[in-house]
Undergrad: 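Pasting in a structure now, in structure tokens, and then I'll have a few things to ask.
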Number of protein chains: 2
Amino acid sequence: MSTTPVHLALSVDRTSPVPLYFQLALQLEQAIETGRLEPGSLLGNEIELAARLGLSRPTVRQAIGSLVDKGLLVRRRGVGTQVVHSQVKRPLELTSLYDDLLAAGQQPATRVLSSATGTAPAAVAAALGVAPQAEVVTVVRLRSAHAEPIARMVNHLPVGLLDLPADALEATGLYRLMRAAGITLHSARQSVGARAATAAEAELLGEAVGAPLLTMERVTFDDRGRAVEYGSHVYRASRYSFAFQLLVRP
Amino acid sequence: MSTTPVHLALSVDRTSPVPLYFQLALQLEQAIETGRLEPGSLLGNEIELAARLGLSRPTVRQAIGSLVDKGLLVRRRGVGTQVVHSQVKRPLELTSLYDDLLAAGQQPATRVLSSATGTAPAAVAAALGVAPQAEVVTVVRLRSAHAEPIARMVNHLPVGLLDLPADALEATGLYRLMRAAGITLHSARQSVGARAATAAEAELLGEAVGAPLLTMERVTFDDRGRAVEYGSHVYRASRYSFAFQLLVRP
DNA sequence: GTCAAGTGTTTGTCCTGACATTATGACCTT
DNA sequence: AAGGTCATAATGTCAGGACAAACACTTGAC
């Protein structure tokens, strides 16, 4: 059911400092998001596309390639490049609970339960890749939405990486603070499980003792591969679940 | 603490049908995995590397670029390319419980509880992107390891996509069967949560009623963007948790 | 002594050109 | 009519070159 190639209005601005391949990728992505490029439709061959835009084929390929990596396009040799034919849209992202709640239209609120500097327990030091007795900052927060508790979050950070005033932590999310401090988050190792609530957790979160909790442990790395944060969080399973988009790399 | 560029023994075989950039990427990846390329070490500049291997710079860049995408390397303009400086190694993968258990050295066993064809419930049809009353195959399996139950898995697949004989399902994993049938898995939308076990689930899995269970719902897409599987699984939280590696895309 | 300007190195972007590989459909043969 | 063969069209791979931009370091001025 392959249709004929779509004729899109595309153009690039050579005076802009934005790379040409990136301009093209943005326009194509937008055309896909808005539905101007329908799922399953062919993109037209790379050489002709390059000629139409006054670009070279490698540049066009770079633009298309980035969208293929995101899972928006599919290339098939001998056939052409077509828009992926499904509801798959958003690429995988390193999610932060704060941004998740904001995106869901909720109003996240945070209470800092404690914040202290001390020597790292062995497990934390190992996860962060610091010396066994190194100093780390430990922050415990309670995150709520609509005045209902959602999660208890325990975070450990290497000392000196970042100032964490309590008022800033109560006003926004940890990831936002890190980004604002010039730290570029790059990847995270995450483990998700479940267990029954202890008495203290039940009390804090407003659940019954033994209620199912969703647990997450995460080590986050910046673009140089330094571990910048180790988090150990518990969520009320009745109020929260994780959504991921996984991409397989060939 | 940037060290001097490492001089690695690298070579490519031009008679091989394996692309040159891929050969190089494999060798570099292996050198990183085995530690011959230490974290933080510089790779040596691209032009010199290309000259040493008798390749062009774009080819070398393509190899390095693929490893940067995987999060194994970091490029810094004016500095060079260095091995990521952490224990982050494995890229994100679409995990299958069967392969997970195998990798953990366990012996996965499967019992097919039921397998039938029928019209899809609305929620399943919507997830798979098929017509509301379309026919789907529904398979319910119990997965165990070391004679202990681990998970109950319910899967729905479009009719005609794949033959699913019970003996094949008991001998291997669903993803392996799909791959063997020529289906290239590409991405998945996944949602992970937790809840308390119902009486039936507790009985089947050997847990107490109300015990915490880890739940996962997943829609898997192939390389053409077709939804090929919708799964709704529950895991004993005491025996299983998910591990992910998330990468942030710039 | 400190800060600013300049210089060199390295990756980032972009170009042109060529050939290989593969999927599709038309054509021809049986 | 059914099947295999071949041309065509598209992406996949690779080469070699050129200039731009960013970073680290040195040099110079104050």
Side-chain angles (χ1 to χ4, degrees), chain A residues 1-6 12-26 28 40-69 73-84 182 184 223-224 249-250, chain B residues 1-6 11-26 28 40-69 73-84 182 184 223-224 250:
Chain A
M1 63 150 267
S2 296
T3 64
T4 63
V6 179
V12 291
D13 174 10
R14 295 195 95 94
T15 69
S16 160
V18 178
L20 301 179
Y21 78 91
F22 198 76
Q23 291 184 37
L24 178 55
L26 276 182
L28 289 175
S41 61
L42 283 170
L43 211 61
N45 81 61
E46 297 171 350
I47 296 172
E48 191 262 345
L49 196 60
R52 224 171 72 210
L53 288 164
L55 297 173
S56 70
R57 189 179 160 216
T59 302
V60 172
R61 268 185 77 76
Q62 194 174 0
I64 292 177
S66 71
L67 297 183
V68 169
D69 277 348
L73 295 176
V74 181
R75 289 207 251 231
R76 285 202 284 155
R77 197 184 289 202
V79 179
T81 303
Q82 49 187 215
V83 179
V84 136
T184 308
D223 56 355
R224 297 189 193 184
R249 296 170 170 290
Chain B
M1 64 149 269
S2 296
T3 63
T4 61
V6 179
S11 64
V12 292
D13 173 10
R14 294 195 96 94
T15 69
S16 161
V18 178
L20 301 178
Y21 79 91
F22 198 77
Q23 292 183 37
L24 178 55
L26 276 182
L28 289 174
S41 61
L42 283 170
L43 212 60
N45 79 62
E46 296 170 351
I47 296 172
E48 189 262 344
L49 195 60
R52 224 172 72 211
L53 288 164
L55 297 173
S56 69
R57 187 178 162 217
T59 302
V60 171
R61 268 184 77 76
Q62 194 174 1
I64 293 177
S66 71
L67 297 183
V68 169
D69 278 346
L73 295 176
V74 181
R75 290 206 250 232
R76 285 203 285 156
R77 201 184 288 203
V79 178
T81 304
Q82 49 188 212
V83 179
V84 135
T184 308
D223 57 354
R224 298 187 195 183

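Hydrogens, waters and symmetry mates play no part in the numbers below; they use all other heavy atoms, side chains included.
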Undergrad: Output the rounded distance in Å from CD (E46(B)) to P (dT13(C)).
TA: 11 Å
Undergrad: Would you mind reading off the distance between R61(A) atom CZ and dT11(D) atom P, rounded to a whole angstrom?
TA: 8 Å
Undergrad: If I take atom CG from residue L20(B) and atom CG from residue L53(B), how far apart are they, to the nearest 0.5 angstrom?
TA: 9.5 Å
Undergrad: Looking at residues at least two apart in the chain, or sitting in another chain, which of them share a side-chain contact (heavy atoms from CB on, under 4.5 Å) with Q62(A)?
TA: Y21(A)
Undergrad: Rounded to the nearest 0.5 Å, what's the gap from CD1 on I64(B) to CG on D69(B)? Could you check?
TA: 12.5 Å
Undergrad: Does OP1 or OP2 of dA10(D) have a side-chain N or O of T81(A) closer than 4.0 Å?
TA: no
Undergrad: Whole Å only: how far is the CG atom of L43(A) from the P atom of dA10(D)?
TA: 12 Å
Undergrad: So which protein nitrogen or oxygen atoms get under 3.5 Å of nucleotides 22-26 of chain C's nitrogens or oxygens?
TA:
from, atom 1, to, atom 2, distance (Å)
dA23(C), O4', R77(A), O, 3.2

Undergrad: Whole angstroms only, please: what is the CG-P distance between D69(B) and dG12(C)?
TA: 12 Å
Undergrad: Just verifying a value: how many Å separate R61(A) CZ and L49(A) CG, rounded to the nearest 0.5 Å?
TA: 12.5 Å
Undergrad: Between the protein and nucleotides 14-17 of chain C, list the N/O to N/O atom pairs that are separated by less than 3.5 angstrom.
TA:
from, atom 1, to, atom 2, distance (Å)
dC14(C), OP1, L20(A), N, 2.4
dC14(C), OP2, L20(A), N, 3.4
dC14(C), OP2, Y21(A), N, 3.3
dC15(C), OP1, R14(A), NH2, 2.8
dC15(C), OP2, S56(A), N, 3.0
dC15(C), OP2, S56(A), OG, 2.8
dC15(C), OP2, T59(A), OG1, 2.5

Undergrad: Quick one: side-chain contact (heavy atoms from CB on, under 4.5 Å) partners of I47(A), sequence neighbours excluded?
TA: N45(A), R57(A)
Undergrad: Got a sec, which residues hit side chain to side chain donor-acceptor pair (under 3.5 Å) with T81(A), two or more places apart in sequence or on another chain?
TA: none
Undergrad: Within the structure provided, determine whether R14(B) and L55(B) are in side-chain contact (heavy-atom separation under 4.5 Å).
TA: yes
Undergrad: Between atom CG in D13(A) and atom C1' in dT13(C), what is the gap in whole Å?
TA: 16 Å
Undergrad: Could you state the CG-P distance from N45(B) to dG12(C), rounded to the nearest angstrom?
TA: 12 Å
Undergrad: In whole Å, what is the span from the CZ atom of R75(B) to the C1' atom of dC23(D)?
TA: 16 Å
Undergrad: With rounding to the nearest 0.5 angstrom, report the CG to CG distance, L28(B) to L24(B).
TA: 4.5 Å
Undergrad: Roughly, in whole Å, what's the span from CG in L24(B) to C1' in dT13(D)?
TA: 14 Å
Undergrad: Could you tell me if the side chain of V68(A) sits less than 4.5 Å from the side chain of V74(A), heavy atoms only?
TA: no
